[in-house]
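Below is a structure I'd like to ask you about.
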Protein chains: 2
Amino acid sequence: MSDTRDIGEGRIEEAGRGLLAVLGQPRPERADAARNRRGILEAAGRIMAERGVAGLLMNDVAEAAGVGVGTLYRRFGDRAGLAYALLDEQGREMQAAFMYGPPPLGPGAPPAERVRAFLHAQVDVLEENLDLWLMADTASPTVRHRSGPHLVNLTHVSVLVREARPDADAQYLAEALLAPLAADLYAHQRRERGMSPERIKSGLDELLCCLTAGGDASSAHGS
Amino acid sequence: MSDTRDIGEGRIEEAGRGLLAVLGQPRPERADAARNRRGILEAAGRIMAERGVAGLLMNDVAEAAGVGVGTLYRRFGDRAGLAYALLDEQGREMQAAFMYGPPPLGPGAPPAERVRAFLHAQVDVLEENLDLWLMADTASPTVRHRSGPHLVNLTHVSVLVREARPDADAQYLAEALLAPLAADLYAHQRRERGMSPERIKSGLDELLCCLTAGGDASSAHGS
DNA sequence: GTTGTAAACGGAATTTATTCCGTTTAGACT
DNA sequence: AGTCTAAACGGAATAAATTCCGTTTACAAC
């Protein structure tokens, strides 16, 4: 009724095997399926390098990988899903950095600092592969927010926010703090408005005072 | 290279005649063009009422309006543009409310209060027509941020933020504060996570302390 | 080694948005 | 009224994503 797209639970076997794979139980994957996933991802990477993100046509990817388009869709759900899988691969290293690496990104620094470091790092991540993120964020809201990268980021920030402000609605604040780094908005700020990554980072810092402000954030508010 | 879509300056004669029309000089519009715009918008409204947003197929709208699809595209640029035009019509009243209405939404209240009232009002606006907003935000980043509703909102908030925090990067903060109300995210929070509009409003309030915090927002930050 | 079956596969068919371009007209100027 | 031209029009053609469904295959059980 609201939107045509919806992706049934079992339709996408694995949207990418990032840290997320740890959460769900490691459902088995048939050998041919695994082989095809790798093949498709490789082919997609190759095409992207050659022709850019705009050249990532589903038919071409399928052909380059030597599979039918049906297989592409079974594996990744849709074009955006493919993009997320690609991003997830590259994001593995950042995930490791903020979970096990040195502070302030990794554990050891105070939570507010870590959130800040994380957002700055996320800016760099976007900077690196903006077009691919744009393609990924084409997905329906449902797909988008269940995707590997988003879930990992959200979970991480959410935990840190809760730590920094146990009284606040950490779940919401986390999503709100991540929102300005939506690929669409970021692309617009960089390309249309000509903002520099540095300016964006400082801007984010200004937003972050909601993490360091004492308990009473509602000082000026009525209801 | 990055994305196929781009909409040349003169391709869309008027993306909707909201307050925006005041900014650009009132370029003339041929009589038949105006008649068609109205017809299309009416037809689209009718179809939307009957079949929902998902039923808004470009061919159907064109047929129902008694014009060719080419005309649809000349007038509105693309499917998302049509959605924006539809929203712009309904948004006229909210625009009036925050520009000329009573406080705290309208002039008279302190700027931080007004931003808060505005964000809350925006939640209600989303609530009213979420699917249409989702359809609209399908647009390419460029189109999206040049669209009537977004420009008006951004300008408004931006002015208020500058007033509240003359020292801060008002332009950026405004976009960042509006970001959590992106239709995608909002829809996800409402539908998947089951957050209530009230919870979202309180969440936004927590974010807003960056407007009331004294001058030194960078207290906890290094560089 | 057979057999059974859920899971995968392929790729033609379908669905829609969007473009293209030859034709038609509103409206300004004479 | 007649002419001229930029602006509009229509709708067939195109492009690409996504679905459908009959066929094939991995692999677990016997």
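Note on naming: letters A, B, ... go to the chains in the order of the sequence lines (proteins, then strands), and numbering restarts at 1 for each one. Note that this is a predicted model, so its numbers are computed, not measured.
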Inset, instruction - Please determine which of A:V125, A:L154, A:D88 meets the side chain to side chain contact (heavy atoms under 4.5 Å, CB included) test together with A:P149. - result: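 Testing each of A:V125, A:L154, A:D88 against A:P149, the sole residue satisfying side chain to side chain contact (heavy atoms under 4.5 Å, CB included) is A:D88.
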
Legend entry - Minimum-distance pair of heavy atoms, taken over all atoms of A:L177 and A:L119: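 For A:L177 versus A:L119, the nearest heavy atoms are O-CD2, 4.1 Å.
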
Legend entry - For atom CG of B:L82 and atom C1' of C:dT18, their distance in whole Å: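 So the CG-C1' distance, B:L82 to C:dT18, works out to 14 Å.
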
Inset, instruction - Grab the two heavy atoms, one from A:G203 and one from B:Y172, that are nearest each other, plus how far apart they are. - result: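 In this case the closest contact between A:G203 and B:Y172 is CA-CD2, 3.5 Å.
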
Legend entry - Pair A:D78, A:Y84: side-chain N/O donor-acceptor within cut-off below 3.5 Å: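 A:Y84 and A:D78 do not have a side-chain donor-acceptor pair below 3.5 Å.
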
Inset, instruction - Could you check which of D:dC9, D:dA17, C:dA17 has an atom nearest any side-chain atom of B:M58? - result: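 It is C:dA17.
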
Inset, instruction - Assess whether atom CD of A:E63 is packed by more than 12 heavy atoms of other residues, nucleotides or ligands within 6.0 Å. - result: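 Atom CD in A:E63 is not crowded, with 12 or fewer foreign heavy atoms closer than 6.0 Å.
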
Inset, instruction - Would you mind reading off the distance between A:M135 atom CE and D:dA16 atom P, rounded to a whole angstrom? - result: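 Those two atoms, CE and P, are 14 Å apart.
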
Legend entry - Rounded interatomic separation in angstrom, taking CG from B:L72 and C1' from D:dA8: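 These atoms are roughly 14 Å apart.
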
Legend entry - Residue whose closest nucleotide on DNA chain C lies nearer the 5' end, A:G66 versus B:V69: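 Mapping each residue to its closest nucleotide by heavy atoms, the 5'-most match is A:G66.
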
Legend entry - Distance in angstrom units between B:Y73 OH and C:dC20 P, rounded: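 It works out to 13 Å between those atoms.
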
Inset, instruction - Verify the contact: side-chain N or O of A:T71 to OP1 or OP2 of C:dA8, cut-off strictly under 4.0 Å; return yes or no. - result: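 A:T71 to C:dA8 OP1/OP2: no side-chain N or O under 4.0 Å.
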
Inset, instruction - Starting from P on D:dA16, measure out to CD1 on A:I47 and report it in whole angstrom. - result: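 Rounded to whole Å, this separation is 13 Å.
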
Inset, instruction - Encode nucleotides 21-30 of chain C as B, S and - characters from 5' to 3', where the letter depends on protein heavy atoms closer than 4.0 Å: B to the base, S only to sugar-phosphate, - to neither. - result: ----BSS---

Legend entry - Atom-to-atom span, CZ of A:R37 to C1' of C:dC9 - whole angstrom: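 One finds 15 Å between C1' of C:dC9 and CZ of A:R37, rounded.
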
Legend entry - Minimum-distance nucleotide (side-chain atoms of A:R79 versus D:dA17, C:dA17, D:dA8):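 Per side-chain heavy atoms of A:R79, the pick is D:dA17.
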
Inset, instruction - Tell me, with the steps shown, if A:R51 and A:D60 meet side-chain contact (heavy atoms from CB on, under 4.5 Å). - result: CA-CA 11 Å; A:R51 302 180 230 168; A:D60 293 4; 3.1 Å; yes

Legend entry - Of the listed nucleotides C:dA12, C:dA8, C:dT18, the one nearest the side chain of B:D78: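 The answer is C:dT18, which lies nearest to the side chain.
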
Legend entry - Whole-Å gap separating C1' (C:dA12) and CG (A:N59):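 Whole-Å distance recorded here is 11 Å.
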
Inset, instruction - Would you kindly give the CG-to-P distance between B:L57 and C:dT16, to the nearest whole Å? - result: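 One finds 6 Å between P of C:dT16 and CG of B:L57, rounded.
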
Inset, instruction - Might you work through the side-chain contact (heavy atoms from CB on, under 4.5 Å) test for B:R116 and B:K201, ending with a clear yes or no? - result: CA-CA 9 Å; B:R116 179 173 182 249; B:K201 286 180 185 175; over 6 Å; no

